[in-house]
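These notes concern the structure reproduced below.
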Amino acid sequence: MSSSLPEQTQTPAPAGVFTLVITGAPYSSQAPQTALGFARAALAANKRIDRIFLYGDGVHLASALSVPPSDELNLSEAWAAFLAENSIAGVACIASALRRGLVNDSEMQRYGLPGSNLRAPFEIAGLGEWVDSAASGSRVIYFHKGG
Amino acid sequence: MSSSLPEQTQTPAPAGVFTLVITGAPYSSQAPQTALGFARAALAANKRIDRIFLYGDGVHLASALSVPPSDELNLSEAWAAFLAENSIAGVACIASALRRGLVNDSEMQRYGLPGSNLRAPFEIAGLGEWVDSAASGSRVIYFHKGG
Amino acid sequence: MTPLKTLHILNKPPDHSRYRLCLCAIGPEDGLLLTENGVLAVTWLADINSERCFALAPDLEARGLSPQISSEQIVSFEDMVDMAATAEHVISW
Amino acid sequence: MTPLKTLHILNKPPDHSRYRLCLCAIGPEDGLLLTENGVLAVTWLADINSERCFALAPDLEARGLSPQISSEQIVSFEDMVDMAATAEHVISW
Amino acid sequence: MRALIIIDQPPYGSWEGREALDMALSLAAFDQPVALLFCGAGVNWLRKGQDAGKVQQKSIERNLAAAPIFGVEALLADAGACDQYGLAEADLLDDVCITDFGTELTGGFDHVAFAG
Amino acid sequence: MRALIIIDQPPYGSWEGREALDMALSLAAFDQPVALLFCGAGVNWLRKGQDAGKVQQKSIERNLAAAPIFGVEALLADAGACDQYGLAEADLLDDVCITDFGTELTGGFDHVAFAG
């Protein structure tokens with residue numbers, strides 16, 4: 001859990017700050033695509049995005065190994081570039097990520113895994129990051145799988 | 001596509017041969033769990049399973065990096081052990097796998113990826129493997145995500 | 001039991017669109033096997049009045065639903081394999 | 001437009017169980033924004049007679065549905081951001 | 001902030017219900033007011049007599065029983081959904097309040113979320 | 001063997017429809033008789049005037065138009081679903097046959113499969 005929580009709740013985020021939570025995976029849902037459209041429009045409207053939080057199947061968005069056909073948009077790549085350009089944190093929930101085979105180097109070492117596959121600048125952290133956003137007054141928007 | 005197809009269609013599989021197609025991912029579906037129960041019962045009843053084919057989100061079952069909590073069943077591990085013990089081929093569809101970030105060493109090299117994450121004895125191949133099963137008279141049973 | 005013409009394997013709960021699709025496609029010589037959350041159909045009684053409707057034991061037990069269906073309709077994975085091997089066709093919904 | 005009490009973002013098609021759930025939770029001061037396959041609701045006319053029902057332009061256009069809804073109800077991502085920022089609450093279904 | 005976490009997916013077919021429970025417990029752990037609502041096919045998580053081991057999964061019965069202790073304010077179940085799935089009050093786990101899903105209920109919370 | 005591949009998921013929200021089409025094209029490529037059936041919300045793949053680029057996806061209109069050339073025997077659409085989604089025959093892509101989903105239809109195929 002995030003140790004920054006108590007501090008954050010004492011300093012509520014200013015109005016107009018969004019947190020986007022993505023729970024739908026690319027290819028099995030349109031959620032990452034819709035969220036990216038929303039995120040771009042939010043910045044264009046001078047809103048701030050404090051972080052993107054990937055939960056459940058949404059963690060697959062942070063994969064470094066996805067290679068869609070060259071005429072299809074690579075959503076992981078597009079999201080990673082967007083986060084880097086705009087210095088926005090992208091956090092994958094650690095419990096969701098470990099179950100679904102999405103790990104960084106330190107998890108790889110901790111669990112003796114044969115590799116790691118987290119795409120920079122995504123990070124892995126606990127649900128406390130999400131609680132932090134919700135409790136600090138950020139407007140949290142969820143992007144679930146559709147159907 | 002499988003180059004073995006013409007040969008296989010000339011030698012139809014004997015009655016009592018199953019092919020299992022898994023399209024639901026672990027954690028977002030119960031499909032891999034149900035398929036494993038079915039597969040064990042099939043062998044116990046002296047049926048043969050010619051191959052397991054992972055399609056769509058089902059390819060996530062072949063991840064080498066999934067680490068569920070220690071008190072939860074690791075389905076990727078359980079399936080890999082079952083395949084190895086019984087010398088059954090486990091094939092992930094290459095198109096589904098590349099989109100979803102599931103790659104072996106040769107795909108890693110071909111696409112210049114930072115790692116690979118396919119769990120042995122799973123292999124990556126084309127839809128021809130599935131056509132092969134269907135056309136050779138094998139009884140194909142699908143395990144989709146539920147809801 | 002006489003072999004089934006088509007075995008329909010249904011793993012969706014009653015509020016799922018494919019559940020309704022499946023019910024449209026069951027012929028008089030067919031069988032219906034409820035698995036995973038498909039077993040929730042046993043609580044929607046109107047849907048399971050058929051003698052050719054079965055439910056997978058582990059899924060019923062996991063969900064606490066075994067008491068809600070007659071024991072002749074409860075099948076094991078071994079039974080499922082047998083049904084899947086002997087039916088003329090199998091459709092997984 | 002007066003700010004919405006709750007903005008309901010609905011990305012499920014009309015045959016999805018959560019679509020029906022969402023329709024039960026829309027109050028008189030709320031707004032409904034259809035996104036992704038939620039825009040298929042425009043073909044189920046009875047559901048979209050409200051003045052506070054909107055649909056996301058790219059999703060309508062992708063699906064060839066723009067002609068089936070009045071242009072005042074069609075919104076951009078920029079509009080969506082504005083609605084999401086000004087509504088008292090937002091629920092994503 | 002008062003949060004409502006909603007579970008409308010039936011048990012064992014996916015991890016969404018478990019991940020929703022984790023969300024509620026995390027909020028509670030950071031002293032944020034939170035309630036859990038089961039509706040649609042999600043009410044089937046609340047049926048007594050489940051045996052999750054039969055599908056090689058963990059029971060969440062104990063976690064649900066402990067939720068009030070960890071600070072989750074209420075476990076709510078939609079009345080209509082309970083009816084539909086044949087759940088009378090006696091069939092439900094302890095400490096579950098039957099309520100009616102709708103505008104009035106969701107309107108009482110600042111933050112309403114599904115897990116997926 | 002005659003195969004029927006069924007698409008009941010609406011377009012662009014997931015890859016299932018595309019992956020079902022790939023299954024049908026693969027069967028056809030190996031000279032296996034196959035038909036494609038659109039039913040439920042899946043009939044929306046068949047509406048004229050789609051612009052998949054608006055959601056940064058590829059159109060499958062061209063692939064569907066080419067399916068008969070590649071050996072897919074028929075593109076079928078369920079009449080009831082077309083009605084429900086306001087699709088008259090003139091609204092559908094070319095070469096689509098309207099039919100009725102049910103026992104009689106599925107019973108004519110040896111192998112019936114969804115993509116997911």
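What's counted below: heavy atoms across the whole structure, side chains too, no hydrogens, waters or symmetry copies. Here the structure is a predicted model, which is why all the values come from computation and not from measurement. The sequence lines fix the lettering, A, B, ..., with proteins before strands; numbering per chain opens at 1.
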Looking only at non-hydrogen atoms, find the nearest pair between [X] and [Y] and report the distance.
| X | Y | value |
| --- | --- | --- |
| C:L40 | E:P10 | CD1-CB, 3.5 Å |
| E:Y12 | C:A62 | CE1-O, 3.3 Å |
| C:P58 | E:K54 | CB-O, 3.4 Å |

Q. Crowded around E:E89 CD? As in, over 12 foreign heavy atoms under 6.0 Å?
A. no
Q | chain E contact via C:E36 - which portion, at a heavy-atom distance below 4.5 Å | A | neither
**Q.** Atom group of C:N37 that falls short of 4.5 Å from chain E, counting heavy atoms
**A.** side chain
Q.
Return the CZ to CH2 distance between C:R63 and E:W45, rounded to the nearest 0.5 Å.
A. 9.0 Å
Q) What distance do C:D15 atom CG and E:D8 atom CG have between them, rounded to the nearest 0.5 Å? A) 8.0 Å
(Q) So for E:Q9, is it side chain, backbone, both, or neither that comes closer than 4.5 Å to the heavy atoms of chain C? (A) neither
Q | Interchain contact, E:A52 with chain C, by part (heavy-atom threshold 4.5 Å) | A | backbone
Q: Kindly determine whether E:R47 and C:L65 satisfy side-chain contact (heavy atoms from CB on, under 4.5 Å), including the steps that lead there.
A: CA-CA 9 Å; E:R47 190 185 307 272; C:L65 291 171; 3.4 Å; yes
